[in-house]
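Protein chains get the first letters and strands the later ones, always in sequence-line order, with residue 1 at the start of each. Here the structure is a predicted model, which means the values were calculated and not measured.
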Amino acid sequence: MGESNFGALRTAPNRPVAPDFTAQVFTRIGLDRYVTAASAIGEVFVAWRSGGVSALRIAGDAMTFESWYGERFGRRVVPAREEDPISAAARAKLGGDEVEVPIDLGECSPFERRVLEKAAEITRCNARPYGWVARELGVPDATRAVGNALGRNPVPLLIPCHRVIRTDFTVGGYVFGSETKRTLLEAEGLDFAAIERVTRGGFRYVGDDDDGTFCLPTCGTVATRVGSPGFVALRSVDEAHAHGLRPCSTCRPIAA
DNA sequence: TGGGTGACGACGC
DNA sequence: AGCGTCGCCACCC
């Protein structure tokens, strides 16, 4: 069908066809493209279109990636011939720069979008429970749905869904496997051995007598110091209040 | 329309 | 402590 349209155009009278006609049409239509880029978990494929990065997967067989992409998004993706501002931004971010990367969430449902946008707020060296995301979104019973939405994150790493973990502070699932998730979080500065030492026995919060706040043990403000002197392990919010502690405004350990 | 599925969580042994 | 069960919600047929 598309072929015959091209044929009709090609034979239009008095109108020479530019050699790169096909490329021009694809550019105008916005054909999706991809490159490989280095990341914390090795080489990845990064695909994008006019609106921003549309997909990220671990690099491997190009055919497999292209057919996965077509299956998932219903569009064709081809290797890029040159860098683009969007791929350049993604490359920089994957390399560790704190830059904004436009993301195309076009195929996501409104709920999935909200979940991914919330996950995008979680900064390095931090982790939050699935239930925390649900609560922040105003649907505290939708924790399971939050997990499903994160599981469909089209752009892992760029939207750091690996920073959402289980309420018991075990890492939980991940597209690239739980081990990879744990490795990523450790590389960002979370010390799971220390976290496990604290949470063993049902401790859920960490109080800091110095600044008078209590946090999730995976809050970046305490993550590198969990278990050191000056911190008290707490089993409940009541215990925190008994110590005269107020909730940390960064990790917001309880509902506002 | 309705039943099945899943990166969860609380509870009971 | 670890496992099964069951409720929950959004999504997909």
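- Candidate nucleotides dG9(B), dG6(B), dC11(C) were compared by shortest atom distance to the side chain of Arg166(A), and dG9(B) ranks first.
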Quiz prompt | Criterion salt bridge (Lys or Arg N to Asp or Glu O under 4.0 Å) on Glu107(A) and Arg75(A), from CA distance to verdict | solution = CA-CA 11 Å; Glu107(A) 312 304 316; Arg75(A) 301 187 302 269; 3.0 Å; yes

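- Stems are defined here as 3 or more consecutive Watson-Crick or G-U wobble pairs with pairing distances under 3.5 Å; those involving DNA chain B are B:2-6 with C:9-13, B:8-13 with C:2-7.
- Distance from the side chain of Glu112(A) is smallest to dC11(C) among dG9(B), dA7(B), dC11(C).
- Between the Asn126(A) side chain and the Gly220(A) main chain, a donor and an acceptor come within less than 3.5 Å of each other.
- Look at CZ on Arg200(A): it is 15 Å from C1' on dG2(C), rounded to the nearest Å.
- Between Phe169(A) atom CZ and dA1(C) atom P there is a gap of 16 Å when expressed in whole angstrom units.
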Quiz prompt | Worked verdict on Glu121(A) versus Lys118(A) for salt bridge (Lys or Arg N to Asp or Glu O under 4.0 Å) | solution = CA-CA 5 Å; Glu121(A) 295 175 10; Lys118(A) 179 54 70 176; 3.0 Å; yes

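- Rounded to whole Å, the distance from CZ on Arg113(A) to C1' on dA10(C) is 16 Å.
- With hydrogens and angles disregarded, a donor-acceptor distance shorter than 3.5 Å links the side chain of Lys181(A) to the backbone of Val164(A).
- Ile165(A) places its CD1 atom 17 Å from the P atom of dA7(B), with the value rounded to the nearest Å.
- The hydrophobic clustering, which links ILVMFWY residues whose side-chain heavy atoms are closer than 4.5 Å, places Leu158(A) and Phe73(A) apart.
- Contacts between residues 127-147 of chain A and DNA chain C, defined by a heavy-atom separation below 4.0 Å, involve Asp141(A), Ala142(A), Arg144(A), Ala145(A), listed by number.
- Residues Phe45(A) and Glu66(A) form no side-chain contact, since every pair of their non-hydrogen atoms from C-beta on lies 4.5 Å or further apart.
- Considering Thr180(A), Leu184(A), Val175(A) as possible partners of Pro156(A), the one that fulfils the side-chain contact (heavy atoms from CB on, under 4.5 Å) test is Val175(A).
- Atoms CG (Asp168(A)) and P (dA10(B)) sit 9 Å apart, rounded to a whole Å.
- Regarding Leu184(A), its CG atom lies at a distance of 18 Å from the P atom of dA7(B), rounded to whole Å.
- Legend: residues meeting ring-ring contact (aromatic ring centres under 6.0 Å, His included) with Phe176(A), ordered by chain and number and at least two apart, are Tyr174(A).
- Per the geometry, CZ belonging to Phe111(A) stands 7 Å off C1' belonging to dC9(C), to the nearest Å.
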Practice problem: Output, in order, the C-alpha distance, side-chain angles, deciding distance and verdict of salt bridge (Lys or Arg N to Asp or Glu O under 4.0 Å) for Arg163(A) and Glu188(A). | Solution: CA-CA 10 Å; Arg163(A) 295 179 188 148; Glu188(A) 293 180 357; 2.8 Å; yes

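- Between the CG atom of Leu150(A) and the P atom of dC8(B) there is a distance of 10 Å, given to the nearest Å.
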